[in-house]
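Here, residue 1 is the first one in the sequence, and each next residue gets the next number.
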Amino acid sequence: MFAKLYVTGQNDETLLPRILRVLSKQGAQVRSLKMDAEADSLKLEIQLADVVAAQVAKLLTKQVSVVSVNTVA
């Protein structure tokens, strides 16, 4: 099964690399990634395995400066 993470943050050039670094360190296999960049915000939709989605959501909230992280199974 797969779950989707919806991540919203400031449109900063380092946000996406920081998020991808957390995913990589957790061994999360990204099935799909959609990004929507606006003038002041960045919105990501990341599809991951259910097993790691909740854990990655918690880590992103703690380790990366994001506005919100939501998980949808």
For the student: nearest non-hydrogen atoms of [X] and [Y], plus distance:
X: A3; Y: T71; result: CB-CG2, 4.4 Å
X: L48; Y: A53; result: CD1-CA, 4.3 Å
X: T61; Y: V66; result: CA-CG2, 4.3 Å

Hey, what do you get for [atom1] ([X]) to [atom2] ([Y]), rounding to the nearest 0.5 Å?
X: K34; Y: E45; atom1: NZ; atom2: CD; value: 5.0 Å
X: Q63; Y: K25; atom1: CD; atom2: NZ; value: 7.5 Å
X: F2; Y: Q47; atom1: CZ; atom2: CD; value: 6.0 Å
X: L15; Y: L20; atom1: CG; atom2: CG; value: 9.0 Å
X: L42; Y: T8; atom1: CG; atom2: OG1; value: 8.5 Å
X: D36; Y: L44; atom1: CG; atom2: CG; value: 9.5 Å

Applying side chain to side chain contact (heavy atoms under 4.5 Å, CB included) to S32 and K4, what does each step give before you reach the verdict? CA-CA 9 Å; S32 71; K4 288 186 180 180; 5.8 Å; no

Any side-chain heavy atom of I19 sitting closer than 4.5 Å to one from I46? yes

Identify the residue among V64, L60, V56 that makes a side chain to side chain contact (heavy atoms under 4.5 Å, CB included) with V69. L60

Decide yes or no on side chain to side chain contact (heavy atoms under 4.5 Å, CB included) for K43 and M35, but give the supporting numbers first. CA-CA 6 Å; K43 296 179 182 180; M35 181 175 75; over 6 Å; no

Flag yes if L16 and L59 sit in one hydrophobic cluster, no otherwise; membership is Ile, Leu, Val, Met, Phe, Trp, Tyr, and two members link when side-chain heavy atoms are under 4.5 Å apart. yes

Kindly work out whether a path of hydrophobic side-chain contacts (I/L/V/M/F/W/Y, heavy atoms less than 4.5 Å apart) joins L5 to V52. yes

Donor-acceptor contact below 3.5 Å, side chain N11 vs main chain E38: yes

For atom CD of Q10, is the number of surrounding heavy atoms from other residues, nucleotides or ligands below 6.0 Å larger than 12? no

